[in-house]
A.B. asks: 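What follows is a structure written as structure tokens; I'll ask about it next.
Letters A, B, ... mirror the listed sequences (proteins, then strands); counts begin at 1. In this text the structure is predicted, and so the values were computed from the model without any measurement.
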Amino acid sequence: MDVALQGSLFDTSLALGSLAGIQRTPLSHGAWVDHLPGWLRGASALFADLVDGVPWHAERRQMYDRVVDVPRLLCFYGETDPLPHPILDEARTALSAHYHPELKEPFRTAGLCYYRDGRDSVAWHGDRIGRGNTEDTMVAILSVGAARALLLRPKDGGGPTVRHALGHGDLIVMGGSCQRTWDHAVPKTSKPVGPRISIQFRPRGVR
DNA sequence: GGAATCCACGGTGG
DNA sequence: TCCACCGTGGATTC
């Protein structure tokens with residue numbers, strides 16, 4: 001029996017739901033985005049464990065005439081690193097199975113980002129794997145904590161910006177040519193917003 | 001007048 | 001070697 005059917009007694013327990021309700025948004029150039037709000041129930045427990053349990057790195061970066069703080073905290077888990085929470089192993093396994101065989105190899109790495117408040121952000125980019133790599137790669141993102149906007153727009157400028165709200169326990173998967181032909185960003189916001197952690201699963205490493 | 005968008009800037013890693 | 005990448009702040013547009 002699906003735990004989700006057992007009723008309110010377990011509403012706050014940490015568990016993954018079914019992936020059956022994923023909504024796919026087709027984009028131009030053969031890109032697509034899948035969205036499943038509230039995939040992870042009890043996400044507050046995961047958020048709290050990650051805040052305390054992950055060895056977050058603050059990075060600095062040379063940008064023109066000065067060194068600036070990267071506007072988020074980071075931690076990367078390579079394919080041989082144990083993930084910081086068992087539910088993340090479950091998520092990675094479930095996602096690898098669900099997206100097979102379109103996903104040609106399983107999700108292996110996990111990149112974690114901690115957006116402390118509305119001043120934290122990530123600029124427009126596509127997740128490339130290596131230089132000059134033209135192979136399409138799928139990225140699955142689990143988002144916990146405060147809701148933030150994920151913006152997507154085509155790299156060639158030929159189309160409108162697409163906006164997704166990333167809420168507590170939501171799953172977003174970018175696939176097809178998305179990393180090659182589209183950029184995405186989490187912009188800063190002046191609205192008061194709490195902290196958010198994203199967990200990005202990929203088949204192989206990106207820092 | 002605040003929010004959203006665009007642009008220029010250049011050292012660096014792959 | 002060489003070029004795409006990345007964050008900020010000012011200008012511009014609503």
A.B. asks: Provide, to the nearest angstrom, the distance between the NE2 atom belonging to A/His184 and the C1' atom belonging to C/dC6.
C.D. replies: 13 Å
A.B. asks: So, is A/Arg72 near the phosphate of C/dG7, with a side-chain N or O under 4.0 Å from OP1 or OP2?
C.D. replies: yes
A.B. asks: Consider only side-chain N and O atoms of A/Asp156 and A/His29, and report whether a donor and an acceptor are under 3.5 Å apart.
C.D. replies: yes
A.B. asks: Could you give the CZ-to-C1' distance, from A/Arg61 to B/dG11, as a whole number of Å?
C.D. replies: 9 Å
A.B. asks: Under a 3.5 Å threshold, yes or no: a donor from one side chain and an acceptor from the other, between A/Arg204 and A/Thr109?
C.D. replies: no
A.B. asks: I need the CD-P distance between A/Glu59 and B/dG13, as an integer number of Å.
C.D. replies: 12 Å
A.B. asks: Please tell me whether A/His125 and A/Asp183 have a donor and an acceptor in their side chains that are separated by less than 3.5 angstrom.
C.D. replies: no
A.B. asks: When all nucleic acid strands are considered with a 4.0 Å heavy-atom cut-off, which category describes A/Asp65: base, sugar-phosphate, or nothing?
C.D. replies: nothing
A.B. asks: To the nearest Å, give me how far apart CG (A/Asp183) and C1' (C/dA4) are.
C.D. replies: 11 Å
A.B. asks: Under 3.5 Å, is there a donor-acceptor pair linking the side chains of A/Asp170 and A/His168?
C.D. replies: no
A.B. asks: What is the distance from CG of A/Asp69 to C1' of C/dC6, rounded to the nearest Å?
C.D. replies: 14 Å
A.B. asks: Quiz question: by atom type and distance under 3.5 Å, do the side chains of A/Asp120 and A/Tyr114 form a donor-acceptor pair?
C.D. replies: no
A.B. asks: Hey, can you tell me if A/Phe201 and A/Phe107 have their rings parallel, tilted or perpendicular (30° and 60° cut-offs)?
C.D. replies: tilted
A.B. asks: Nearest to the A/Gln62 side chain among B/dG11, C/dG9, C/dG7, which nucleotide is it?
C.D. replies: B/dG11
A.B. asks: Quick check with a 6.0 Å cut-off and a 45 degree axis cone: is A/Arg153 positioned over the face of A/Trp124's six-membered ring?
C.D. replies: yes
A.B. asks: If you check the A/Tyr64 side chain, which of B/dC9, C/dC6, C/dG9 turns out closest?
C.D. replies: B/dC9
A.B. asks: Below 3.5 Å is the cut-off: list the nitrogen or oxygen pairs between protein and nucleotides 4-6 of chain B, distance only.
C.D. replies:
residue : atom : partner  : partner atom : Å
B/dC6   : OP2  : A/Arg153 : NH1          : 3.1

A.B. asks: Using a heavy-atom cut-off of 4.0 Å across all strands, would you classify A/Arg60 as base, sugar-phosphate, or nothing?
C.D. replies: nothing
A.B. asks: Go ahead and name the base partner of C/dT1; Watson-Crick or wobble counts if both distances stay under 3.5 Å, otherwise write none.
C.D. replies: none
A.B. asks: In this structure, how many angstroms lie between the C1' atom of C/dG10 and the CZ atom of A/Arg66, rounded?
C.D. replies: 12 Å
A.B. asks: Between atom CE in A/Met63 and atom P in B/dC9, what is the gap in whole Å?
C.D. replies: 13 Å
A.B. asks: Quick one: A/Arg180 CZ to C/dA4 P, roughly how many Å, whole number?
C.D. replies: 16 Å
